[in-house]
Asks: 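Let me give you the structure first, and then I'll get to my questions.
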Amino acid sequence: MSDYDFDLITIGAGSGGVRASRLAAGFGAKVAVIEEEREGGTCVLRGCVPKKLFVYGSHFGHDMQDGSGYGWSADNVRHDWPAMIAAKEKELDRLHGIYVSLLENAGATRIHGRGTVVDAHTVAVGDKHYTAERILIAVGGWPSVPVLPGAEHAITSNEALELPKRPDRIVIVGSGFIAVEFAGIFNSFGSETHLVYRADKVMRGFDEDVRDTLTEEMSKKGMHLHPGTLPDRIEKVGDVYKVHLNDGSTLEVDEVMYATGRHPNTKGLGLAEAGVELTKGGAVVVNEWSQTSVPSIYAVGDVTDRINLTPVAIAEGHSFAETVFNNRPMQADHRDVPSAVFSQPPIGTVGLTEAEARDQYGEIDVYVAGFRPMKYTLTDNPERGMQKLIVDRASDRVIGAHMVGLDAPEIIQGLGIAIKAGATKAEFDATIGIHPTAAEEFVTMRTKRPDPQERQAAE
Ligand code: NDP
């Protein structure tokens, strides 16, 4: 019989913490889960889920416009923002309920409050101390806003999902996942949307063709892009905000949103004091078993700043529970993780970018196609998409697939399986396409893009 109160105490009831806890409890462990807010975590309460609902919501307006090309007419179309917020809240309540039942049905004890680590086996919540053989840190991350005069006027994605009123004009700072997703949302709902970012194009780190395509399509949709700029200060004048940019110009808007990255939620958690190694940015350092420098303390999800995606946190939590409480050693696989950006149009991507592939493989073949979605052929919608495959010339294996365009996230999930399984370009080519779809392009691409040297020589 253990001398501890619990076999496992998890701090943080988000995707990773809940998966680990309910599995561990299912394997017979005595588990407590500490959460200071509602169970659910970033993805359910302040991220993927409400964001995707907003993305869906924002598309209906365009669909009605596009419908006119097919003979539909819709007069007096209006959007009721507070009604959408209320409907979204109802859905989050439902999902929160599911998270609670998952934990309770598994037999885990829920403790409400802020948990802090006291030592290798003790966690405090207020003035109560609980002991456990193992502690799992799954506290996620939080939006970062740089220091600048007037930063207190800025909102982040947290507040953007709860605004009582849709801003008529908004500045969004940043050009990563959250910035481009929210720019698409506000623009589609009819807000005058300005994206202010320091790079020359959006989505740094993504394949250059993806970046070029999305940047161009966002601009075509009427988003106002301000590359190579940063706000110097934000000034509140009455009900509006004046955003003074470093190129000397000023934007006058109703909301200013920062989407400039997220930081791990480790401040004040007692980890460093308990001997847990943290990175300079505050992320918990873990090995491939999600174990920290203190052997009884583990960490999963965004707090470890590996790949900050919900399904990855779930895989890490799952592997931890199997390894530690089911005697089935398992490591989360961080290779070839497919991902999507729900920008407008959306991105789907898996594997290497062209630049990474050239670095790692040297000789590669690149296949690129631009397309106009068939859905838009009878409409005025000028949106175009892009599909790209990257192939290792020596083995013929497809090592990267990228798409910008309608349904890209749905399409790339399937290609993720093929790439994970090591499919070759010949196997892609031998697969019969589904006609008429955009996805079929991935199995009918036959023309290689000339190598950069060949292109240069031809110029
Ligand atoms: P990202 O890291 O994607 O983007 C941060 C952006 O902020 C970049 O454009 C960056 O510029 C810019 N930036 C950083 N610091 C500053 C600064 N001091 N001043 C001005 N600009 C700055 O972070 P997000 O906040 O968008 O998202 C956080 C993470 O959440 C993502 O990385 C992703 O892992 C996850 N996420 C995933 C989603 C999905 O799967 N669909 C959706 C939303 C979030 P630069 O490019 O120049 O460095």
Side-chain angles (χ1 to χ4, degrees), residues 14-16 41-56 140-151 154-161 171-185 194-208 210-211 214-215 218 225-234 243 245-247 256-265 281 283 301-316 334 337-350 353 403-404 408-410 412-413 416:
S15 304
T42 302
C43 179
V44 172
L45 302 174
R46 288 178 298 275
C48 336
V49 173
K51 176 273 313 281
K52 185 84 188 275
L53 294 175
F54 278 25
V55 170
Y56 279 133
W142 200 251
S144 308
V145 177
V147 179
L148 82 158
I155 61 167
T156 67
S157 52
N158 292 347
E159 295 79 29
L161 291 163
V171 160
I172 300 178
V173 184
S175 58
F177 281 79
I178 296 179
V180 300
E181 290 184 342
F182 277 83
I185 290 169
H194 295 268
L195 197 68
V196 170
Y197 52 102
R198 61 190 183 185
D200 59 337
K201 43 192 161 181
V202 300
M203 297 309 302
R204 194 197 294 277
F206 279 60
D207 187 273
E208 290 301 312
V210 169
R211 299 183 69 194
L214 183 62
T215 307
M218 287 176 72
L225 307 186
H226 304 266
T229 51
L230 281 179
D232 275 340
R233 67 191 166 95
I234 304 167
V243 183
L245 303 181
N246 62 354
D247 63 2
V256 184
M257 172 177 163
Y258 266 75
T260 44
R262 297 170 58 86
H263 59 268
N265 252 337
D302 288 5
V303 75
T304 62
D305 200 18
R306 285 176 279 184
I307 300 179
N308 299 333
L309 299 173
T310 299
V312 175
I314 290 174
E316 290 164 0
H334 292 97
V337 172
S339 68
V341 185
F342 296 96
S343 45
Q344 300 187 21
I347 301 173
T349 176
V350 58
T353 65
M403 177 171 175
V404 181
E410 306 291 343
I412 287 291
Q413 179 69 81

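Note: hydrogens, waters and symmetry copies are ignored here, and every other heavy atom, side chains too, is used. Every number for a ligand or one of its atoms is a count from 1 in the order of the listing.
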Asks: Given Val196, which of Val256, Leu245, Asp247, Asn246 fulfils the side-chain contact (heavy atoms from CB on, under 4.5 Å) condition?
Replies: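 The passing option is Leu245.
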
Asks: What atoms of ligand 1 come within less than 4.0 Å of a heavy atom belonging to Pro146?
Replies: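 In order of number, 17 (C), 18 (N), 19 (N).
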
Asks: Can you tell me which residue and heavy atom of the protein come closest to atom 37 (C) of ligand 1, and the distance to 0.1 Å?
Replies: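 I find the closest protein heavy atom is Phe177 CD2, 3.3 Å.
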
Asks: For atom 35 (C) of ligand 1, which of Val196, Val173, Val180, Asn308 has the closest heavy atom?
Replies: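 The nearest heavy atom belongs to Asn308.
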
Asks: Any idea which atoms of ligand 1 are less than 4.0 Å away from a heavy-atom of Leu309?
Replies: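 Selected atoms, number and element: 37 (C), 40 (O).
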
Asks: Is the distance from the ring center of Phe342 to that of Tyr56 below 6.0 Å?
Replies: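 Ring centroids of Phe342 and Tyr56 are no less than 6.0 Å from each other.
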
Asks: Show the atoms of ligand 1 that are less than 4.0 angstrom away from any heavy atom in Lys51.
Replies: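 Contacts of ligand 1 toward Lys51, numbered from 1: 41 (N), 42 (C).
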
Asks: Any chance CD of Glu159 has more than 12 other-residue heavy atoms, nucleotides or ligands included, within less than 6.0 Å?
Replies: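 Enclosed.
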
Asks: How far is atom 9 (O) of ligand 1 from its nearest protein heavy atom, and which residue and atom is that?
Replies: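 Sorting protein heavy atoms by distance from atom 9 (O) of ligand 1 puts Ser175 N, 2.8 Å first.
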
Asks: So how far is it from Glu208 CD to Thr353 OG1, rounded to the nearest 0.5 Å?
Replies: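 It comes to 8.0 Å.
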
Asks: Side chain or backbone, does Gly261 bring an N or O within less than 3.5 Å of an N or O on ligand 1?
Replies: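 Right, the criterion is met.
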
Asks: I'd like to check which ligand 1 atoms, numbered from 1 as shown, lie under 4.0 Å from a non-hydrogen atom of Ala259.
Replies: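 Once the distances to Ala259 are compared, the set is 5 (C), 6 (C), 7 (O).
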
Asks: For ligand 1, which atoms, with element, lie under 4.0 Å from some heavy atom of Glu181?
Replies: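 Near Glu181, meaning under 4.0 Å from one of its heavy atoms, ligand 1 has 41 (N), 42 (C), 43 (C).
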
Asks: Go through ligand 1 atom by atom and flag the ones less than 4.0 Å from a non-hydrogen atom of Gly176.
Replies: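 So the answer, numbered in order with elements, is 3 (O), 4 (O), 6 (C), 8 (C), 9 (O), 26 (O).
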
Asks: To the nearest 0.5 angstrom, please state how far the CH2 atom of Trp142 sits from the OG atom of Ser157.
Replies: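 Between atom CH2 of Trp142 and atom OG of Ser157 there are 9.0 Å.
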
Asks: I need the atoms of ligand 1 closer than 4.0 Å to a non-hydrogen atom of Leu230, numbered in the order shown.
Replies: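 Answer for ligand 1: 19 (N), 20 (C).
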
Asks: I'd like to check which ligand 1 atoms, numbered from 1 as shown, lie under 4.0 Å from a non-hydrogen atom of Ala340.
Replies: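 Every atom of ligand 1 under 4.0 Å from some heavy atom of Ala340: 39 (C), 40 (O), 41 (N).
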
